[in-house]
Amino acid sequence: MATTQLASRYDPSAIETDIYNRWRDAGVLTADAHSDATPYVIVIPPPNVTAVLHMGHGLNNTIQDVLIRFERMRGREALWLPGTDHAGIATQNVVERLVADELGKRRQDLGREQFVERIWTFVHETGNTILKQLEAIGASCDWDRTRFTLDDEYSRAVLKVFVDLYHDGLIYRGHRVIHWCPRCLTALSDEEAEFRERDDHLFHIRYPVVTSAGERRGGAISPGGGEPPNRRLVDSIVVATTRPETMFGDVALVFHPDDERYRDLRGQTIRIPLTDVEIPIEVSPRVEREFGSGMLKVTPAHDPNDFEIAGELEGDYEMPVVIDAEGRMGHEPRVPEELRGLDRYEARERAVAMLEQEELLAKKEPYRHAVRHCYRCHTVVEPRLSDQWFVRMKPLATPALAAYRDGQLTFVPERWGAVYENWLTEIRDWNISRQLWWGHRIPAWYCDAPSCGHITVALDPPAACERCGGSVRQDEDVLDTWFSSWLWPFATMGWPNATDDLAKFYPGHTLVTAAEIIFFWVARMVMAGFYFMGERPFSTVYIHGTVRDTLHRKMSKSLGNGIDPLEVVSRYGADALRFTVVAGAPVGTDVILDPNDLETTFAPGRNFANKVWNVGRFILSNLDGPVVAPDRWDPAHFELADRWILSRVQRVIVDTTEALERFRLNDAANAIYHFLWDDLADWYVEQVKPRLYGDARGGEVARAILRNVFETALRLLHPIMPFITEELWQYLPQAREPLLAKAAWPRPKAPLVDDEAEDRFGRVQALVAAVRSVRAEYNVPPGTEIAAVVQPSSTDALEAFNAEQRTIERLAKLKHLTMDGAGEGAGAHQVLPDGSAVFVPLGNAIDVQKECARLRTETARLDGQLRGVRQKLQNEQFVNRAPADVVQREREKEQSWREQRETLTAKLHALGC
RNA sequence: GGGCGAAUAGCUCAGUUGGUUCAGAGCGCCUGCCUUACAAGCAGGAAGUCGGGGGUUCGAAUCCCUCUUCGCCCACCA
């Protein structure tokens with residue numbers, strides 16, 4: 001193929017789709033369960049089936065793809081297993097809105113069957129959107145193995161897990177206060193009910209005191225404590241609450257058993273304000289004496305804590321539910337008529353107004369506190385007494401904890417391990433039933449016979465009650481979405497069948513995700529992995545940061561601060577996107593991107609791609625002549641620059657490999673970036689040009705090295721920028737592997753590491769930079785060739801300058817570089833880091849004052865450095881205690897700076913400063 | 001209430017085991033260049049008392065304490 005035809009600007013959109021299809025058609029993406037290669041497995045965190053690609057996915061999946069491509073090139077049987085999650089509440093909400101918009105109907109109007117049918121249509125139409133979008137960023141997933149948590153086979157696994165856990169005694173049906181979303185009309189787990197700060201009020205309400213005979217009780221109620229709330233009124237007790245509307249569900253007031261203020265009140269009766277309901281005063285150690293008046297109202301049906309307290313009180317208490325499923329006041333006789341049917345917040349206002357009127361409101365103060373909200377719709381959760389299914393978590397947590405503690409499971413960065421450990425240690429039972437229609441329906445059947453009441457739990461619907469033979473009806477509820485996600489690492493591979501995939505690809509290796517779902521998903525996968533597979537599902541959990549805007553706010557649809565990855569791909573290319581997020585995502589930190597300035601954010605990545613493109617174009621178009629294979633290279637023909645670049649290559653191979661192994665993707669990106677741009681493009685390619693255009697043998701060597709170095713660079717860059725590297729690979733003559741995606745990862749060749757060459761070429765670079773600096777300072781036009789005289793500080797320096805004299809002259813645009821002594825006449829002076837001195841004769845153009853000033857500045861800087869290093873060397877403590885090599889290095893510095901200082905002094909004299 | 005993280009150039013951030021080759025990169029800014037791979041480029045340059053204070057050490061951006069400011073997670077004071 002003719003590289004000369006390649007455009008000078010890299011156009012990603014012209015090639016990306018083709019390249020991707022080529023990978024797919026060549027089977028690059030498909031893992032082989034029967035290969036001999038060691039497996040490497042990542043299971044994707046399955047995006048919600050309704051999701052559209054956002055930057056968080058962009059980051060998450062780019063990281064996974066970099067790791068997968070890296071290990072694939074290293075020869076492992078790499079499987080990246082993709083798929084989607086049915087996302088119960090989220091998806092149901094989306095389609096509910098859709099139905100409302102389309103038909104103006106609620107899901108209840110359609111009925112369960114029809115509504116679920118509608119969701120399936122939606123899923124079939126748009127469910128693979130996000131997976132298709134992942135292709136655009138180059139994700140090399142094994143699409144043949146795409147899974148969905150509601151696939152038949154997968155669903156079967158979910159139900160089996162429920163049945164097994166039930167029969168193992170780890171799933172039970174419980175009656176307790178759970179988190180309820182009055183908007184989604186379902187129960188939520190603790191994790192799904194997230195705390196958010198809210199500005200509310202704390203209401204101090206007077207509960208009228210009633211004697212046991214129904215008479216008012218007189219006299220002081222508290223001998224001491226100096227607490228004002230209850231002192232003034234002897235006929236009422238003040239209670240602080242944020243939720244006055246729940247008082248109709250109160251069953252008692254309680255105070256702390258040691259609270260002297262109320263000691264005499266125990267056993268007395270008070271009346272719920274605005275009602276005739278009388279309730280007792282009791283004690284509970286759970287009461288915080290310092291809070292409010294120290295008297296707590298107990299509302300067992302609408303507060304989990306109160307539920308516990310009521311359970312601990314002597315005697316049986318009813319637990320009246322006064323707020324219905326939709327968050328409205330109930331119609332119980334306990335609820336005042338004027339409040340019945342009102343929304344809980346309206347009811348709160350009305351109740352408070354009524355209390356005021358009755359002079360039963362002692363105080364109302366602003367109050368900021370954390371309240372649980374539905375994680376899907378952000379409605380304030382209503383604690384609610386109901387029957388739900390729970391998983392007993394403690395036994396499952398034990399091996400998951402052990403795995404972390406004995407190092408079988410590690411976190412990157414490590415600190416997240418503590419979060420994981422803490423959660424597992426404090427773990428509580430998991431409410432897994434959801435009052436939704438979209439999801440895995442719970443495989444439990446209730447006997448219709450009231451006298452029997454048996455529950456049959458089975459994988460397949462029973463014909464009749466297994467105890468009494470009577471008719472049964474299935475539980476209406478479905479399972480929490482996460483109850484299917486936690487099986488992802490093995491249910492995707494065909495569990496419970498003993499499949500080849502399970503044999504080959506379980507357990508997996510790396511899990512890449514954000515910290516937010518450590519509890520929801522990561523910890524639970526580990527538990528399920530141990531319980532059902534007997535092994536951890538992965539060995540490393542790599543936790544990456546969150547994508548935020550420049551104000552450090554999380555990118556979100558509602559804030560409108562998101563970035564559309566597809567727009568970035570079309571404007572800057574997938575590789576630019578990938579490079580930007582990888583280079584900007586050091587381990588453990590958030591990724592800050594500017595949604596208002598895509599240019600600033602992504603241009604550097606695009607520019608780098610363009611650089612790769614152009615250096616590639618140049619190199620490829622110069623490979624026409626004969627090329628010597630590496631195994632026939634004769635080092636005798638190498639120039640200094642050749643040895644230098646080959647040594648640099650070995651280092652960048654080591655650096656990149658180590659960085660990727662340690663999940664330091666940003667280090668890998670930077671290492672290869674600087675190698676390609678600085679070492680290869682700016683120096684080696686420039687150095688090599690005369691040989692390419694000139695002498696035959698030199699050209700042959702140069703071409704061989706150029707080809708080899710560039711080929712290695714493409715391999716190293718491929719995991720991060722797969723498209724452009726694959727495209728350029730296609731033009732590489734005689735590539736051993738037809739596709740870079742399946743090519744081998746480079747191994748460093750130790751004999752090519754050449755410290756001397758690196759040292760010497762470094763001196764050459766410094767000399768060129770010094771002359772360039774002089775040119776710039778004196779505005780010498782590029783066309784004007786000047787001469788320079790260098791005074792090498794050592795034989796090493798002399799040999800280096802001699803070896804690359806032609807390079808120095810070319811790159812510094814020198815007519816001639818003289819190698820000996822000091823120059824004559826007026827000119828500019830520079831001293832190199834190694835002590836070598838350069839003189840550039842500039843005749844009249846020179847400004848002696850300026851030169852003197854510059855040399856004095858230099859001298860002063862060196863004096864400062866010398867002072868520091870000498871102080872150190874004179875310090876016995878330092879010389880004695882610091883490691884020998886550190887001291888040695890300081891001595892070398894001192895010598896080098898002293899030499900530079902001497903050279904400068906001589907210059908100053910020569911100029912007559 | 002408990003825990004964690006961050007603060008380095010105008011901006012976004014590197015800086016792993018303390019050692020003036022670690023005070024850096026990219027962007028932005030200033031100067032000069034359309035030098036036949038690349039103006040999405042080349043060359044040169046200015047710019048930071050490493051959040052404040054204290055300590056450990058021969059030596060601190062790096063370790064310890066403390067304060068300030070942001071951010072996150074967990075949490076049954078209603």
Side-chain angles (χ1 to χ4, degrees), chain A residues 3 6 8-10 177 195 202 239-243 246 286-292 295-299 303-309 369-370 383 413 415-416 418-419 422-423 426 515-516 518-519 546 548 550 552-554 572 576 583-584 586-594 597 599-601 603-604 606-622 662 664 666-667 670 673-674 681-682 685 689 762 769 772-777 779-783 811 813 833 864-865 868-869 871-872 875-883 885-887 889-890 893 896-897:
Chain A
T3 48
L6 298 181
S8 68
R9 274 196 183 197
Y10 172 55
V177 173
F195 283 106
L202 191 60
V239 176
T241 180
T242 54
R243 304 203 56 199
T246 63
R286 292 176 186 258
V287 176
E288 290 289 332
R289 297 159 65 176
E290 311 306 321
F291 190 89
M295 187 69 85
L296 170 70
K297 68 195 255 317
V298 180
T299 321
D303 185 292
N305 191 35
D306 291 2
F307 178 78
E308 298 289 328
I309 291 174
H369 63 152
R415 70 185 130 90
W416 291 110
V419 174
N422 183 52
W423 187 74
E426 307 284 319
E516 317 156 13
I518 290 178
F519 308 144
T546 307
R548 299 177 183 279
T550 49
H552 293 208
R553 299 176 307 180
K554 199 167 160 176
Y572 299 92
V587 177
T589 65
D590 289 339
V591 182
I592 312 295
L593 303 172
D594 190 347
D597 191 354
E599 186 65 20
T600 298
T601 308
R606 175 202 58 193
N607 295 353
F608 179 49
N610 198 50
K611 189 69 183 181
V612 174
W613 183 254
N614 275 291
V615 77
R617 216 159 54 92
F618 175 80
I619 291 171
L620 293 168
S621 65
N622 278 289
R662 298 172 59 202
R664 303 184 65 101
N666 64 316
D667 286 349
N670 285 323
Y673 176 95
H674 285 113
D682 286 352
V685 163
K689 278 178 179 172
R772 282 171 170 173
S773 179
V774 168
R775 295 192 69 114
E777 194 154 343
N779 287 320
V780 181
L811 298 189
K813 296 186 194 302
Q865 294 185 347
V869 75
Q871 207 167 6
K872 220 177 241 193
N875 184 337
E876 276 180 45
Q877 309 245 45
F878 171 72
V879 179
N880 294 336
R881 293 193 201 180
D885 59 312
V886 171
V887 176
R889 235 179 297 155
E890 295 299 312
K893 274 185 217 159
S896 150
W897 290 337

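Throughout, protein chains are lettered first and strands after them, A, B, ... in sequence-line order, and every chain is numbered starting at 1. Because the structure is a prediction, the values reported are computed rather than measured. Only this structure's heavy atoms are used, side chains among them; waters, hydrogens and symmetry mates stay out.
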For this session: Would you please confirm or rule out a distance under 4.0 Å between OP1 or OP2 of B:G3 and any side-chain N or O of A:Asn422?
Result: no
For this session: May I ask you to say what A:Phe519 touches in the nucleic acid, namely base, sugar-phosphate or nothing, with a heavy-atom cut-off under 4.0 Å?
Result: sugar-phosphate
Seminar exercise, completed: Among B:G44, B:A25, B:C72, the one nearest any side-chain atom of A:Ala776 is B:G44
For this session: Using atom CG of A:Asn779 as one end and atom P of B:G44 as the other, report the distance to the nearest whole Å.
Result: 14 Å
Problem set entry | Side chain to side chain, A:Leu296 and A:Ile309, heavy atoms closer than 4.5 Å | yes
Problem set entry | G-U wobble or Watson-Crick pairing nucleotide for B:G1 (cut-off 3.5 Å, both distances) | B:C74
Problem set entry | Minimal non-hydrogen separation, A:Met295 against A:Val239, with atom names | O-CG1, 3.5 Å
Exercise. With a 4.5 Å limit on heavy-atom distance, are the side chains of A:Arg772 and A:Leu811 in contact?
Worked result: yes
For this session: Could you tell me whether A:Arg606 contacts a base, only the sugar-phosphate backbone, or nothing, with contacts defined as non-hydrogen atoms closer than 4.0 Å?
Result: base
Problem set entry | Sugar-phosphate only, base, or nothing, as touched by A:Val287 at under 4.0 Å among non-hydrogen atoms | base
Problem set entry | Touch class at under 4.0 angstrom, heavy-atom based, for A:Pro604 against every strand present | sugar-phosphate
Exercise. Hey, does A:Ala370 reach any base, or is it just sugar-phosphate, or nothing, if we go heavy atoms under 4.0 Å?
Worked result: base
Exercise. Just wondering, do A:Ile518 and A:Trp423 contact through their side chains at under 4.5 Å, heavy atoms?
Worked result: no
Exercise. For B:A43, what is the paired nucleotide under Watson-Crick or G-U wobble rules, both distances under 3.5 Å?
Worked result: B:U31
Problem set entry | Whole-Å gap separating C1' (B:C77) and CG (A:Leu202) | 10 Å
For this session: For A:Lys813, answer base if it contacts any base atom (sugar-phosphate contacts may also be present), sugar-phosphate if it contacts only those atoms, and nothing otherwise; contact means non-hydrogen atoms under 4.0 Å.
Result: base
Exercise. Side chain of A:Thr242: nearest nucleotide among B:C27, B:A78, B:G5?
Worked result: B:A78
Seminar exercise, completed: Note: A:Ala240 and A:Gly292 closest approach over all heavy atoms is CB-CA, 4.0 Å
For this session: To the nearest Å, give me how far apart CD1 (A:Ile518) and C1' (B:C74) are.
Result: 12 Å
Using a cutoff of under 3.5 Å, can you pull out all pairs of nitrogen or oxygen atoms linking the protein to nucleotides 37-39 of chain B, with atom names and distances?
from	atom 1	to	atom 2	distance (Å)
B:A37	OP1	A:Lys689	NZ	3.2
B:A37	O2'	A:Asn614	OD1	2.7
B:A37	O2'	A:Arg617	NH2	2.5
B:A37	N7	A:Lys689	NZ	3.3
B:A37	N6	A:Ala681	O	3.0
B:A37	N6	A:Glu686	OE2	3.1
B:A37	N3	A:Asn614	O	3.3
B:A37	N3	A:Val615	N	3.3
B:C38	O4'	A:Asn614	OD1	2.9
B:C38	O4'	A:Asn614	ND2	3.4
B:C38	O2'	A:Asn610	ND2	3.2
B:C38	O2'	A:Asn614	ND2	3.4
B:C38	O2	A:Lys611	NZ	2.8
B:C38	N3	A:Lys611	NZ	2.7

For this session: Ignoring backbone atoms, establish whether A:Arg664 has a side-chain N or O less than 4.0 Å from OP1 or OP2 of B:G15.
Result: yes
Exercise. Would you say the side chain of A:Tyr10 lies within less than 4.5 Å of the side chain of A:Val612, judging by non-hydrogen atoms?
Worked result: no
Exercise. So what does A:Ala240 hit on the nucleic acid, given a heavy-atom distance under 4.0 Å: a base, only sugar-phosphate, or nothing?
Worked result: base
Problem set entry | Sugar-phosphate only, base, or nothing, as touched by A:Phe195 at under 4.0 Å among non-hydrogen atoms | base
For this session: For B:G45, take OP1 and OP2 only and decide whether either is under 4.0 Å from a side-chain N or O of A:Ser773.
Result: yes
Exercise. Are the side chains of A:Lys689 and A:Asn622 in touch, meaning some heavy atoms are under 4.5 Å apart?
Worked result: no
Exercise. Taking atom C1' of B:U12 as reference, at what distance in whole Å does atom CG of A:Asp594 sit?
Worked result: 9 Å
Exercise. How many Å lie between CG on A:Asn670 and C1' on B:U12, as a whole number?
Worked result: 13 Å
For this session: Using atom CZ of A:Arg243 as one end and atom C1' of B:C76 as the other, report the distance to the nearest whole Å.
Result: 14 Å
Exercise. Atom CZ of A:Arg548 to atom P of B:A6: distance rounded to whole Å?
Worked result: 14 Å
Exercise. Of all the nucleotides listed (B:A14, B:C76, B:G45), which has the minimum atom distance to the side chain of A:Asp667?
Worked result: B:A14
Seminar exercise, completed: All heavy atoms of A:Arg606 vs all of A:Glu599, minimum pair found to be NH2-OE2, 3.3 Å
Exercise. Within this structure, what is the NE2-to-C1' distance between A:His369 and B:A78, rounded to whole angstrom?
Worked result: 10 Å
For this session: Scan A:Tyr10 against the nucleic acid and name what it touches under 4.0 Å (heavy atoms): base, sugar-phosphate only, or nothing.
Result: base
Problem set entry | Identity of whatever pairs with B:A9 - Watson-Crick or G-U, under 3.5 angstrom | none
Exercise. How far apart are the closest heavy atoms of A:Asn614 and A:Ser8, and which atoms are they?
Worked result: ND2-O, 3.0 Å
